[in-house]
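First comes the structure, then the notes that go with it.
Just follow the structure's listing: the first ligand is 1, and inside any ligand the first atom is 1.
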Amino acid sequence: MEHVTEGAWESLQVPLHPRVLGALRELGFPHMTPVQSATIPLFMKNKDVAAEAVTGSGKTLAFVIPILEILLRREEKLKKNQVGAIVITPTRELAIQIDEVLSHFTKHFPQFSQILWIGGRNPGEDVERFKQHGGNIIVATPGRLEDMFRRKAEGLDLAICVKSLDVLVLDEADRLLDMGFEASINTILEFLPKQRRTGLFSATQTQEVENLVRAGLRNPVRISVKEKGVAASSTQKTPSRLENHYMICKADEKFNQLVHFLRSRQQEKHLVFFSTCACVEYYGKALEALLKKVKILCIHGKMKYKRNKIFMEFRKLQSGILVCTDVMARGIDIPEVNWVLQYDPPSNASAFVHRCGRTARIGHGGSALVFLLPMEEAYINFLAINQKCPLQEMSLQRNTIDLLPKLRAMALADRAVFEKGMKAFVSFVQAYAKHECSLIFRLKDIDFAGLARGFALLRMPRMPELRGKQFPDFEPVDIDTDTIPFKDKIREKQRQKLLEQKRKERSENEGRKKFIKNKAWSKQKAKKERKKKMNAKRKKDEGSDIDDEDMEELLNDTRLLKKFKKGKITEEEFEKGLLTSAKRTVQLTDLGVSDLEEDS
Ligand SMILES: Nc1ncnc2c1ncn2[C@@H]1O[C@H](COP(=O)(O)OP(=O)(O)OP(=O)(O)O)[C@@H](O)[C@H]1O
């Protein structure tokens with residue numbers, strides 16, 4: 001591990017509290033990192049900061065230490081339910097991580113209470129915990145914090161409790177200030193006192209001034225810490241010891257390359273990123289089946305409760321694979337990750353930097369590899385320019401085994417695998433269409449047949465993006481995939497029951513349609529019969545043999561004659577009216593439209 005240091009803690013102009021220094025010694029951190037030595041003195045004074053430093057450079061302590069030092073220097077001590085500091089971060093895992101780092105320090109300061117508010121827990125319990133234990137320091141995700149401001153009826157008037165706020169920190173600030181969290185962040189900011197210190201922290205800091213103003217920073221100090229050993233001019237955003245690679249790979253080669261790569265590194269620890277939750281579910285299962293001796297864990301944003309347990313389990317592993325979505329892209333500090341593999345490039349360039357940054361942290365080595373389709377090669381240049389992220393090529397591995405037939409066999413044997421594959425493919429295509437770099441990631445250029453082979457699909461899914469297209473290069477299996485059973489007996493039984501129900505409904509619908517058709521026909525017939533009878537009755541009553549239509553024409557001519565006699569219409573109009581009336585009777589009757597409606 002390269003020694004990443006910027007002097008001893010004691011060398012800070014503003015001395016740290018002895019118990020803060022004690023906690024740092026306990027953590028085994030004798031020296032500051034560059035971002036810590038640059039940020040802590042400023043943030044401890046009345047300066048708002050917007051700090052940018054590469055992933056894994058110690059930004060968490062760069063705001064945790066100032067928070068403690070500021071609260072320790074308050075004239076008026078905080079009461080239990082007075083909030084002195086709030087840290088907002090985009091994901092539960094990150095909030096848990098920050099809460100843990102903070103606890104290393106607050107355990108030495110019993111006068112400070114801290115509380116963790118994140119989704120996936122009971123909000124009522126969050127309210128009770130705050131009421132009982134207080135929350136001088138809150139670590140929260142945006143959605144849950146916003147929710148807590150709406151629980152006055154439950155006895156938590158958070159709007160009042162934050163009146164004493166001294167410090168607000170937005171961790172992964174650019175992510176918090178982008179569209180996804182806009183509503184929550186804006187609502188939260190409305191409740192917070194303007195007189196406070198505000199700090200934004202990220203490896204890809206927002207450059208938009210309006211974002212800084214929106215977050216409430218007043219003449220902030222921008223801190224941008226350069227990587228050691230990199231030319232001062234370059235603003236490389238990835239750690240200098242990160243070895244960053246790319247591999248150009250066809251869609252139906254990618255999986256075989258991935259498995260070959262992982263099989264040759266089974267004693268190490270890797271993260272494998274996919275673009276969607278469904279892809280994590282499908283490929284996670286596939287990797288489990290094909291890498292028997294390796295511990296494989298999966299995490300994605302749609303998991304409700306297991307996420308934290310799996311995250312903590314993976315952190316402790318000496319070796320293994322975490323298959324994940326971008327919920328694990330930012331901030332996650334997992335010791336000793338050897339490789340970050342991006343099976344799918346991320347939907348935006350800053351996520352690329354953060355994903356790679358899960359390895360090569362705080363001076364350690366580490367490597368990253370992104371798989372790119374031939375048509376995505378321009379992404380390499382884009383990353384070098386847009387994210388100052390240089391990549392070196394890795395050639396395709398030789399003698400890889402074609403494992404796709406095995407995956408197809410798994411899908412034929414178990415409907416659960418078949419359905420996961422179809423869902424993964426559909427989700428991938430839909431996500432692809434939303435790439436930020438749509439000039440490089442163009443859905444219309446995708447070889448869907450090759451992509452479907454790479455997903456080991458048994459047939460092409462029915463989805464709008466594929467409608468009307470032909471796939472001569474895709475060989476579907478020649479069985480009816482509706483007959484593939486679930487391996488799980490209970491699920492299969494439920495499926496059969498559902499199919500039976502649908503069959504019954506279908507036959508009933510057909511019967512009903514016939515009945516309605518007949519009914520409508522018979523109704524129509526009855527109406528005609530009735531009209532015929534009424535016509536015959538009228539003729540009989542009036543001793544007349546004029547049909548309805550002729551009768552209508554006679555009535556209409558009579559009306560015209562009356563108008564002509566009263567001088568309401570000219571002779572020409574009268575004659576024209578007689579003519580039109582005769583023609584119209586023929587026309588409207590053909591259209592089935594009653595001429596009376598037309599006249600009136
Ligand atoms: N002064 C220090 N000396 C040694 N290690 C440190 C020091 N400060 C932090 N670390 C360790 O460095 C690792 C990375 O720290 P941290 O997670 O805060 O980085 P980061 O800059 O926030 O990364 P990211 O951008 O990915 O969020 C952690 O394991 C942390 O314990």
Note: ligand 1 atoms sitting under 4.0 Å from heavy atoms of Val54 are 21 (O)
If we number the atoms of ligand 1 from 1 as shown, the ones under 4.0 Å from a heavy atom of Arg358 are 26 (O)
For Ile362, the atoms of ligand 1 under 4.0 Å from one of its heavy atoms are 5 (N), 6 (C), 10 (N), 12 (O)
Per-atom filter on ligand 1: closer than 4.0 angstrom to a heavy atom of Ser57 are 19 (O), 20 (P), 21 (O)
- Do side-chain atoms of Gln36 reach the backbone of Gly58 as a donor and acceptor pair under 3.5 angstrom? yes
The atoms of ligand 1 lying under 4.0 Å from a heavy atom of Glu172, numbered in the order shown, are 27 (O)
For Trp9, the ligand 1 atoms with a heavy-atom partner under 4.0 Å come out as 1 (N)
Note: ligand 1 atoms sitting under 4.0 Å from heavy atoms of Thr33 are 1 (N), 2 (C), 7 (C)
Using modelled atom types only, decide if a donor and an acceptor are shared between the side chain of Asn244 and the backbone of Leu369 within a distance under 3.5 Å.
no
For Gly58, the atoms of ligand 1 under 4.0 Å from one of its heavy atoms are 9 (C), 15 (O), 16 (P), 18 (O), 19 (O), 20 (P), 21 (O)
Among Gly331, Ala51, Ser37, closest by heavy atom to atom 27 (O) of ligand 1 is Gly331
Any Gly56 heavy atom less than 4.0 Å from ligand 1: yes
From the list Phe382, Phe352, Phe441, ring-ring contact (aromatic ring centres under 6.0 Å, His included) partner of His435 resolves to Phe441
